[in-house]
Amino acid sequence: MSTNTTNQPTLDPATALDDRFCAAIRAVVPDLPDDQVKAHIGPSRQPKFGDFQSNCAMPIAKRVGMKPRDLAAKIVEAIDVSGIAQPLTEESIAGPGFINISLLPKALGSALDAMDTDQLGITPPTAPKTIVVDVCGVNLAKQMHVGHLRSTVIGDAIARIQERLGHTVKRQSHVGDWGLPIAMVVEQLCVMEDAGTDLSSVTLAQLNSIYKVVQAKCKAETKALELITKVGGHIKAEIELTERITDANAAMERAKARLVALQSGDDRSVKMWQMIYDITMAACLATCQRLHANITDEHSAGESTYRDELGPLVQDLIDRKIAIEDDGALVVRCEGIKEPTIIRKRDGGFLYATTDLAAIKRRVEKLGGDEVVYCVDSRQGLHFKQVFAAAHKAGYDKTPSGKDAILVHAMFGTVLGEGNKPLKSRSGENLNLTDLLDEAVARASKAVAEKNPDMPESERSAISEAVAMAAIKYADLSTERIKDYVFSFDRMLAFEGDTGPYMLYAIARIKNMLGKADEKGVSVDAAKDASFSLDESAERALALMILRYPTIMHATGTHHEPHRLCGYLYELASLFAKFYEQCPVLKDGVEESTRDGRLRLSMLALRVLQDGCDTLGIPTVDRM
RNA sequence: GCCCCGAUAGCUCAGCUGGAUAGAGCAGCGGACUUCUAAUCCGCAGGUCGUAGGUUCGAAUCCUACUCGGGGUGCCA
C-alpha cells in the first residue's frame, strides 16, 4: 500500500520517495499488476544506512523470477530521485536487496519548511466523515471508578484524534440511567423521604452507598436456601433465609412497581429520578473536566432517551421477520454467531442489546455517523459483535447515502493492581476515581515542591494538578489499549523515562529556552524565517522525526490507537533532549545563523509536541 | 464444551501490519550540572520473542497444534 492512500498531499519525504520508486518499478517491470507496485519505503533502522530504505526489490523479484539484487540494480538505474535524495548507485543496495536512501539536506529543509504551517502538515481530508464516539458511560447513583478512567480517557483521545484529522466528531455518553437498578434507588429515596429524611443535600457518595444497600436488599439468596434445604437439618438457618428471601422478594416487587410508575411518568418518581440524574451527572462531568476530557452535558445520551424508541424498533424487527420468538424470548440470529441476540425477555422487558440497537439506529440515521466507535471494555466483545451483526441484518447501519456505516468496538483491557489482579481498593471494592486522582495530585505536589521551592503556592498547585493528570492519562494511553495494564503510582509519578511528565518537561524546557532568548535580546520572531540548522546528526534525527508527524497521526486515527501517537511523542521528546544536550542554541559562541536555525527547529519541535499532547488530551505546563 | 484476547530483558512496556545485529523505561553498575531547566543526557550489563511444527530469500510479526493466564458464553448491564 502506498503511504498516500487518502489522496492528501503529505509533506513527509517518504511520500515523494514512494512515488518515485513506484514510477521506477513500473518502468523496470511494465507488466506488474498495479496492486503489486509497492515501494515499501520506511525510515532506516539505523542512521548508518541513511534516512530511508526501500524494501521493494525482494517481493517483486520473487514475482517476476529475478534475483532481488539484480532487480534492485535495475530500479536504482531507472529511478530519478533528483531534488529529494542523494543519487542512488550500486552502493545504495545492501543485504538481500535493500535500497538505502539519504535525503539531500536541502530537501530535508524544504520538507520542514512545508510542514511549518498551522496544520503541521496534517491537511483536511477531501471527504470529511462524521464519526460518533461512544465514551465514558457512567451509571446513575454510582461514582466513577477506575473502569471509567479508560473509557473516558481513551474515548476522548480517539475523538480528539479524529477531530484533529479534520472529521466531524460526535461524542455520546451512553449513561446507564434507566431500568430496575435505578428504580430500586428511586424507591429507596421515596421510602427515606416518607420517613422524614431531608434529601435536599444528598451527595453522589451517599447515593452510591444507597445503591449498594438496595442491591443487596433485593438480591434473593434462593440458591443458598436450596442448598440448605437439600442438606437438611438446619431448621434455624432455613427459617432465617426464608425470611430474608421473602423480604428480598417484597423489595424487588416494590422496585418493579416503582419502575412501572417511573416509566409511566409518575410525578414523584420522575422528580426523584431527575434528582439522582442531576447529582450523578454534576459529579461525573466535573471529573471528566478534571481529566481534561471534552465530555459535557451535551454529549449525554442516556438509556432513558431511547425508552420510546424501543417498542417501535422491536415491532419493526418482528414485522420484517428479522426477530423471531424462541422459548418465549424474542431473538435475532446472525450468521457466524452461535449466541442469539436477545432483544425482548419472556416477561416483555427489553435488554441492553435492544437499547444498543436503538443507539446504532440513532447514531447512523439521526446523527449521520459514517463510523461509530465504541470505546468500551473488552469484556463486551461478544455483545458488540452480536449487536453490530443484528444492526446490519436490520439495515440500521445504513447511512442516508446508502452506505453501511463502519461499526467499531475499540475495546480496552482491565486496569490491574498489585499481583496482576484488577485494581481494587483495600476493602475490595472498585477503586473510586476521585480518590485515585487526588492521590496522584498529592504525590505530584511533593515532587513539584521539591523541584521548585521558590514557586508561589498557587502556581505550584496548578502545575501539580496538570502533571498528575498528564501522568495518569499518559500511562493509560501509552500502552496498546486491548491489553490489560498494571497501574502503578510509583512508575507513573517517578517522573522519569517514558512518562507523561517527561513530555511536559521537554515542552517546558523549550518554552523556557524561548523565554531566555527574549531576555538575551535574541529575536524569536526573526528566527521563524531562518533556515533550519541541519548539519549535526542530532538535528537531522530530530528533523526526520518531526516530518513523520502527519503519517503517525493518520495511522493513529485509522486504528483508533492513541498509543501510537504516545510512542511517537516520546521518541520526539527524547530526540529533542539529545539535541538539547548536543547542540547549544543560546550559549556563547554559537554562530547567529546556527542559533536561529536551531531556534526554528526547537520551535517546530515544540509545536508538534504541544499539538500531539493537545490531540491526546494531555495538559501541558510552561514551567515545572 | 465452544468462542474471544493475551504471552517479548528481573519488573513495566514498544516493535510502524514479513526485513538488516529484537528496542525503550524502571531496577543494577559507572560517568556528565560555575555553561539554554540534571523531572535530563552518555556508557555498561541484561533475550531460546510461551512451546513445537509449517509457509520463504527472510518470522517476535502470517498458518496449525499445544501450554499457561484473562475474559465471555439465552432472558443483568
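In what follows, every chain begins at residue 1, and chains take the letters A, B, ... in the order their sequences are listed.
His174(A) comes within contact range of no nucleotide atom at all, as no heavy-atom separation falls under 4.0 Å. Within the nucleic acid shown, Pro59(A) comes within 4.0 Å of at least one base atom, counting heavy atoms only. Among the heavy atoms of the strands lying under 4.0 Å from Asn100(A) is at least one base atom, whether or not backbone atoms are also near. Using a 4.0 Å heavy-atom cutoff across all strands shown, Lys587(A) reaches at least one base atom of the nucleic acid. At the heavy-atom level, Cys583(A) lies under 4.0 Å from base atoms of the strands shown. Val585(A) comes within contact range of at least one nucleobase, with a heavy-atom separation under 4.0 Å. Note on Pro68(A): nothing from the nucleic acid sits closer than 4.0 angstrom, heavy atoms only. If you check every strand for non-hydrogen atoms under 4.0 Å, Asp622(A) touches a base. His383(A) comes within 4.0 angstrom of no nucleic acid atom, judged by non-hydrogen atoms across all strands. Counting non-hydrogen atoms under 4.0 angstrom, Lys421(A) reaches nothing in the nucleic acid. Using a 4.0 Å heavy-atom cutoff across all strands shown, Ala517(A) reaches no nucleic acid atom at all. As judged by a 4.0 angstrom heavy-atom cut-off over every strand, Ala94(A) is placed among the base-contacting residues.
Both geometric conditions, a ring-centre gap below 5.5 Å and a plane tilt below 30°, are fulfilled for Phe98(A) over the base of rA20(B). Taking the 5.5 Å centre cut-off and the 30° plane limit, the aromatic side chain of Phe49(A) is classed as stacked on rA20(B).
Counting heavy-atom neighbours within 6.0 Å of Lys74(A) NZ, excluding the residue itself, gives a total of 12 or less.
Remark: Arg548(A) is not positioned above the aromatic ring of Tyr568(A), lacking an NZ or CZ atom under 6.0 angstrom from the ring centre and at most 45 degrees off the axis.
Residue whose closest nucleotide on RNA chain B sits further toward the 5' end, between Val486(A) and Ile552(A): Val486(A). Each of Tyr502(A) and Ile482(A) was assigned the nucleotide of RNA chain B with the nearest heavy atom; the assignment lying further toward the 5' end belongs to Ile482(A).
Rounded to whole Å, the C1' atom of rU61(B) lies 39 Å from the corresponding atom of rA32(B).
No side-chain heavy atom of Arg69(A) sits under 4.5 Å from any side-chain heavy atom of Glu90(A).
Under the 30°/60° scheme for interplanar angles, the aromatic rings of Phe384(A) and Phe388(A) are found to be tilted. The aromatic rings of Trp273(A) and Trp178(A) sit perpendicular, their planes meeting at an angle over 60°, well past the 30° parallel limit.
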Expected list for residues 584-598 of chain A: side-chain donor-acceptor pairs under 3.5 angstrom, two or more places apart:
{"from": "Arg598(A)", "atom 1": "NE", "to": "Glu539(A)", "atom 2": "OE2", "distance (Å)": "2.6"}
{"from": "Arg598(A)", "atom 1": "NH1", "to": "Pro584(A)", "atom 2": "O", "distance (Å)": "2.7"}
{"from": "Arg598(A)", "atom 1": "NH2", "to": "Glu539(A)", "atom 2": "OE2", "distance (Å)": "3.3"}

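An OP1 or OP2 oxygen of rG70(B) is reached within less than 4.0 angstrom by no side-chain nitrogen or oxygen of Arg379(A). The side chain of Lys520(A) contributes no N or O atom lying less than 4.0 Å from OP1 or OP2 of rC36(B). Residue Lys48(A) has no polar side-chain atom (N or O) positioned under 4.0 Å from OP1 or OP2 of rU21(B).
Between His383(A) and Tyr352(A), the distance separating the two ring centers is shorter than 6.0 angstrom. Between Phe412(A) and His560(A), the distance from one ring center to the other does not fall under 6.0 angstrom.
Among the duplex regions that RNA chain B forms, those built from at least three successive Watson-Crick or G-U pairs under 3.5 Å are B:1-7 with B:67-73, B:10-13 with B:23-26, B:28-32 with B:40-44, B:50-54 with B:62-66, ordered by first number.
Not a single donor-acceptor contact under 3.5 angstrom links the side-chain atoms of Asn420(A) to the base of rG69(B). In the interface, the side chain of Tyr505(A) is not paired with the base of rA39(B) through any donor and acceptor atom under 3.5 Å apart.
Each of rC76(B), rA77(B), rG19(B) was ranked by its minimum atom distance to the side chain of Gln380(A); first place goes to rA77(B).
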Under a 4.0 Å heavy-atom criterion, the protein footprint on nucleotides 22-34 of chain B, written with B, S and -, is --SSSS-------
